[in-house]
Amino acid sequence: MSSTGSRRRPVNQPVPCRTDLDLADAQLAGDRRVGLPASARMLYAVVHANGTLARGLGAASATRLAPGMYQVVFDQDVSYAGYVGTIGLAGSAGLAPPGGISVVGRTGIPNGVFVRTFATDGSVSDRPFHLAVLA
């Protein structure tokens, strides 16, 4: 019999202490604008395990460089952007094989991102993935 009781009860966060509240208040900058600057773009790429680009926004190309190693090139400089990657199929039928992903700016290519994908045992392995770039 499975125990689902703990999943049904909400997990409450601890109440912040006065020190935490004061520290958070001190870190607020009154002159900061809320949200992203007008020049900000959300870029993304959905890439098949063989390295072909399934779709994207601002994504110019994707290439499989070696087993589990990919390069995704965008239409703007992303060298100071944030990168988020996840293993996932391009379509809605089925699930991708489980695994891991690591993303970093591409050395020598300011509009590129380097991606490595892994099997669950940690070995380098081809996996389809989704990549979001906050530029």
Side-chain angles (χ1 to χ4, degrees):
M1 174 161 79
S2 131
S3 169
T4 58
S6 63
R7 293 183 204 147
R8 292 184 186 155
R9 284 179 258 156
V11 177
N12 294 322
Q13 296 182 21
V15 176
C17 67
R18 174 53 41 201
T19 304
D20 290 337
L21 292 171
D22 291 342
L23 180 60
D25 284 343
Q27 293 171 338
L28 284 175
D31 61 345
R32 284 190 189 163
R33 294 182 181 184
V34 177
L36 296 171
S39 63
R41 280 181 76 192
M42 168 64 92
L43 309 170
Y44 77 88
V46 178
V47 180
H48 295 287
N50 66 4
T52 58
L53 182 65
R55 64 183 176 278
L57 178 62
S61 67
T63 307
R64 180 181 174 270
L65 302 172
M69 294 184 188
Y70 304 88
Q71 169 182 291
V72 180
V73 175
F74 291 91
D75 63 2
Q76 71 181 65
D77 186 329
V78 296
S79 57
Y80 292 100
Y83 318 113
V84 180
T86 187
I87 300 297
L89 294 175
S92 59
L95 294 172
I101 187 168
S102 176
V103 295
V104 68
R106 182 75 165 110
T107 301
I109 303 176
N111 57 326
V113 178
F114 180 74
V115 177
R116 287 189 73 182
T117 58
F118 306 89
T120 54
D121 66 1
S123 62
V124 173
S125 180
D126 292 338
R127 295 287 192 268
F129 61 90
H130 295 232
L131 173 65
V133 176
L134 309 164

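- The hydrophobic cluster around L57 extends to Y44, V46, counting ILVMFWY residues whose side-chain heavy atoms fall within less than 4.5 Å of a member.
- Screening residues 46-58 for salt bridge (Lys or Arg N to Asp or Glu O under 4.0 Å), with sequence neighbours left out, gives no hits.
- Formation of a donor-acceptor pair under 3.5 Å by the S125 side chain with backbone atoms of G68 is not found in this model.
- When side chains are defined from C-beta on, V115 does not count as touching Y83, because their heavy atoms never get closer than 4.5 Å.
- Residues forming a salt bridge (charged side-chain N to carboxylate O under 4.0 Å, His left out) with D22 (at least two apart in sequence, or on another chain): R18.
- Partners of D20 according to the side chain to side chain donor-acceptor pair (under 3.5 Å) rule, which considers only residues two or more places apart in sequence or in another chain, do not exist here.
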Please list every donor-acceptor pair under 3.5 Å in which a side-chain atom of residues 85-111 meets a protein atom from a residue at least two apart or in another chain.
{"unit_1": "R106", "atom_1": "NE", "unit_2": "Q71", "atom_2": "OE1", "d": "2.8"}
{"unit_1": "R106", "atom_1": "NH2", "unit_2": "Q71", "atom_2": "OE1", "d": "3.3"}
{"unit_1": "N111", "atom_1": "ND2", "unit_2": "F74", "atom_2": "O", "d": "2.9"}

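- Other members of the cluster containing L134 are M42, with ILVMFWY side chains joined at under 4.5 Å, either directly or via other members.
- Annotation: side chain to side chain contact (heavy atoms under 4.5 Å, CB included) contacts of T52 (sequence neighbours excluded): H48, N50.
- Residue pairs that meet the salt bridge (Lys or Arg N to Asp or Glu O under 4.0 Å) test with at least one member in residues 114-135, sequence neighbours left out, are R64-D126.
- Among residue pairs with one or both ends in residues 51-71, those qualifying as ring-ring contact (aromatic ring centres under 6.0 Å, His included) are Y70-F129; sequence neighbours excluded.
- When every heavy atom of A45 is checked against every heavy atom of A59, the shortest pair comes out as CB-CB, 3.9 Å.
- Shortest non-hydrogen contact noted between A62 and V47 is CB-CG2, 3.8 Å.
- Residues that satisfy the salt bridge (charged side-chain N to carboxylate O under 4.0 Å, His left out) test with D77, not counting sequence neighbours, are absent from this structure.
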